[in-house]
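A quick write-up on the structure given underneath.
Quick note on labels: first sequence line is chain A, next is B, and so on, each numbered from 1.
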There are 2 protein chains.
Amino acid sequence: MTSVLVVDDEPQIVRALRINLSARGYEVMTAYDGRSALGVAVEGKPDVVVLDLGLPDIDGVDVIAGLRGWSTIPIIVLSARTDSSAKVEALDAGADDYVTKPFGMDELLARLRAAVRRTVAREAGDPVVETASFVVDLAVKKVQRGGREVHLTPTEWGLVEILARNPGRLVSQKQLLQEVWGPMHVNESQYLRVYFAQLRRKLEDDPARPKHLITEPGMGYRFEL
Amino acid sequence: MTSVLVVDDEPQIVRALRINLSARGYEVMTAYDGRSALGVAVEGKPDVVVLDLGLPDIDGVDVIAGLRGWSTIPIIVLSARTDSSAKVEALDAGADDYVTKPFGMDELLARLRAAVRRTVAREAGDPVVETASFVVDLAVKKVQRGGREVHLTPTEWGLVEILARNPGRLVSQKQLLQEVWGPMHVNESQYLRVYFAQLRRKLEDDPARPKHLITEPGMGYRFEL
DNA sequence: CCCCGGCCTCAAGAACGCGTAAAAGCCGGA
DNA sequence: TCCGGCTTTTACGCGTTCTTGAGGCCGGGG
């Protein structure tokens, strides 16, 4: 299910959006200020964010920057300001679209569909990553090894998923910890050692000499095909 | 260079866009009707399309469909119709954005940047820096020399990364020390000597006569391609 | 000619990060 | 309540990396 984070300080707008979005099968999260919006975004990993710019605590542009710091989630800005400088500012800060209030619900929903479609298209590319030893199916969240399915715990899968989405790339310890354990645990690199040992035991032919789950000492980990 | 296909049957709009886009460094292609637009798109493979919906020959939505049949190029629709049903129709046909005429050039350019930014982020082909002796891949954080991968320690990589991002430019000792060792060690120029010796041993064909990792005595270091 | 600053080289101990194992804590379901 | 699976914590040995100091080289200036 596609999840949407709605951020606005006007309850009636949040309510209207929640009703319309839920009715169309979206999962809806909400936030009423910038600070909690960033928190909810980290926790809930929404597929798209609808963001009002006139928030009470943080400037809208800073909220965009805060999201863009770690994510490429599409952001659709809602704002009462119609002047082009506001639009330019928001779009250049990293927003994907800009809709002025009052807005037509039909149009907003269409723009939302367009935004989601783009990211789906981006990630749709063969959601299966294959190595000589095992196969990762990102769509159904399963791993096979020698024809047999390998059971992974949620944490293990979290790591495998991030790595498999970045084949060949070095992924920093910080990024892994951030995305799997949350921003509070970015220094617990011991977790990574424990879990990578576990994953190697489950997936590598020779866990002591891994061919695919590679450690880059001091930097991070790499998923070699 | 980013290329833009502008499709509109009103010459003055095409001209205005051509001038503004060229001035900002875009490569501009043009078409005045739907049929030729599809042809030019196939030939020129633009990075983004600005499409007027009121074309003389083909209905705008069909042009979108014609493009979407084989491509995911971002499409920004221009249209005089402000009713939401028109917007919904175009967006659901596959358009990425919808701007109503008359439009502000600033805003259109910002939306165009947003559209391009998305696809660049998506396709970001590895930024690779290549010399006669070795290859630095900044995205995956790897260095190759003569087909074989060279292992770099975190500190070594830190130096190579900074230099490779500034090819040909002189980078001061202070900057290198600051970025790799932190502000506390900007005077430890001995570190640089030790590590550059190490890097030259790993990367240069003749470490005693470096061709790429050049010392500028008293100033800093330079990465020659 | 000699001195000196800056650079290169080498080597050794300290510090760090990794892998591994095993115990302890924390649920949720039977 | 007990059990089993999963996560978090602790401990230790080991190899690698970083830091540091000493010595040699080179070129420019006195």
Side-chain angles (χ1 to χ4, degrees), chain A residues 141 143 149-163 170-224, chain B residues 141 143 149-161 163 170-174 176-222:
Chain A
K141 297 188 189 298
V143 181
E149 184 186 333
V150 182
H151 174 73
L152 296 188
T153 70
T155 309
E156 288 166 356
W157 171 257
L159 291 171
V160 168
E161 179 167 21
I162 297 172
L163 290 170
L170 174 60
V171 183
S172 72
Q173 304 194 359
K174 215 161 142 186
Q175 188 184 339
L176 290 168
L177 289 164
Q178 159 109 281
E179 301 208 13
V180 176
W181 280 273
M184 296 297 141
H185 303 77
V186 289
N187 293 316
E188 306 279 3
S189 59
Q190 175 63 10
Y191 291 2
L192 294 177
R193 289 188 209 103
V194 173
Y195 273 93
F196 270 88
Q198 240 158 320
L199 283 171
R200 285 172 183 142
R201 237 174 291 139
K202 289 186 177 182
L203 301 178
E204 293 274 4
D205 291 331
D206 181 356
R209 262 174 297 281
K211 283 190 169 61
H212 307 104
L213 301 170
I214 311 293
T215 301
E216 296 285 359
M219 306 209 275
Y221 294 83
R222 184 196 303 282
F223 182 77
E224 285 289 15
Chain B
K141 296 194 199 289
V143 180
E149 182 183 336
V150 181
H151 176 75
L152 297 188
T153 71
T155 311
E156 289 166 356
W157 172 260
L159 291 171
V160 168
E161 181 167 20
L163 291 171
L170 171 66
V171 184
S172 72
Q173 301 196 0
K174 210 160 146 190
L176 289 169
L177 288 164
Q178 161 110 311
E179 301 207 15
V180 177
W181 281 272
M184 296 294 138
H185 303 75
V186 289
N187 293 316
E188 305 277 5
S189 55
Q190 172 65 5
Y191 290 1
L192 293 178
R193 296 192 197 100
V194 173
Y195 273 92
F196 270 88
Q198 236 153 8
L199 283 171
R200 284 170 183 146
R201 233 175 292 135
K202 288 187 176 181
L203 301 179
E204 293 275 5
D205 291 332
D206 181 355
R209 263 173 297 283
K211 282 190 171 62
H212 308 105
L213 301 170
I214 312 294
T215 302
E216 298 285 1
M219 317 209 39
Y221 294 84
R222 187 146 41 94

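- For W181(B) and dT19(D), the shortest distance from a side-chain N or O to OP1 or OP2 is below 4.0 Å.
- The two residues P154(B) and P217(A) make their nearest non-hydrogen contact at CG-O, 3.3 Å.
- For the pair R200(B) CZ and dC7(C) P, the interatomic distance rounds to 11 Å; values are reported in whole Å.
- Following rounding to the nearest Å, D206(A) (CG) and dT20(C) (P) show an atom-to-atom distance of 10 Å.
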Check the pair T215(B) / F196(B) against side-chain contact (heavy atoms from CB on, under 4.5 Å), numbers first and verdict last.
CA-CA 9 Å; T215(B) 302; F196(B) 270 88; 5.8 Å; no
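- Ring geometry for W181(A) versus Y191(A): interplanar angle of 30 to 60°, hence tilted.
- Salt-bridge annotation for K202(A) and E156(A): present, with a side-chain N of the basic residue lying under 4.0 Å from a carboxylate O of the acidic one.
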Once base and sugar-phosphate atoms are separated, protein heavy atoms under 4.0 Å mark nucleotides 21-30 of chain C, 5' to 3', with B, S and - as ----------
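- Within the 4.0 angstrom heavy-atom criterion, no nucleotide atom of any strand lies near H185(B).
- Put simply, OH on Y195(A) is 16 Å from C1' on dG19(C), counting in whole angstrom units.
- Using a 4.0 Å cut-off, no side-chain N or O of T153(A) falls inside it from OP1 or OP2 of dG5(D).
- Between the OH atom of Y191(A) and the C1' atom of dC6(D) there is a distance of 13 Å, rounded to whole Å.
- Using a 4.0 Å heavy-atom distance criterion, Q173(B) is classed as a sugar-phosphate-only contact.
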Taking it one step at a time, do V143(A) and W157(A) satisfy side-chain contact (heavy atoms from CB on, under 4.5 Å)? CA-CA 9 Å; V143(A) 181; W157(A) 171 257; 3.7 Å; yes
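- Within 4.0 Å of S189(B), counting heavy atoms only, lies no atom of the nucleic acid at all.
- Here F196(A) lies out of heavy-atom contact (under 4.0 Å) with every strand.
- Here the NE2-CG distance, from H212(B) to D205(B), works out to 7.5 Å after rounding to the nearest 0.5 Å.
- Judged by distance alone, with hydrogens and angles left aside, the side-chain atoms of E224(A) form no donor-acceptor pair with the main-chain N or O of K211(A) at under 3.5 Å.
- Distance, Q198(A) CD to dG5(D) P: 13 Å, rounded to whole Å.
- Taking 4.0 angstrom as the limit, T215(A) places none of its side-chain polar atoms (N or O) nearer than this to OP1 or OP2 of dC18(C).
- What separates CG of L199(B) from P of dT9(C) is a distance of 12 Å, to the nearest Å.
- Side chain of R200(A) to main chain of L213(A): a donor-acceptor pair is present (N/O by atom type, distance under 3.5 Å, no hydrogens or angles).
- L152(B) places its CG atom 10 Å from the P atom of dT17(D), with the value rounded to the nearest Å.
- Of the side-chain N and O atoms in Y221(B), one or more sit less than 4.0 angstrom from OP1 or OP2 of dC8(C).
- Between H151(B) and dT16(D) there is no side-chain N or O to OP1 or OP2 distance below 4.0 Å.
- Note on R193(A): every side-chain N or O is 4.0 Å or more away from OP1 and OP2 of dG19(C).
- Spacing between atom CG of L192(B) and atom P of dT9(C) amounts to 14 Å, rounded to whole angstrom units.
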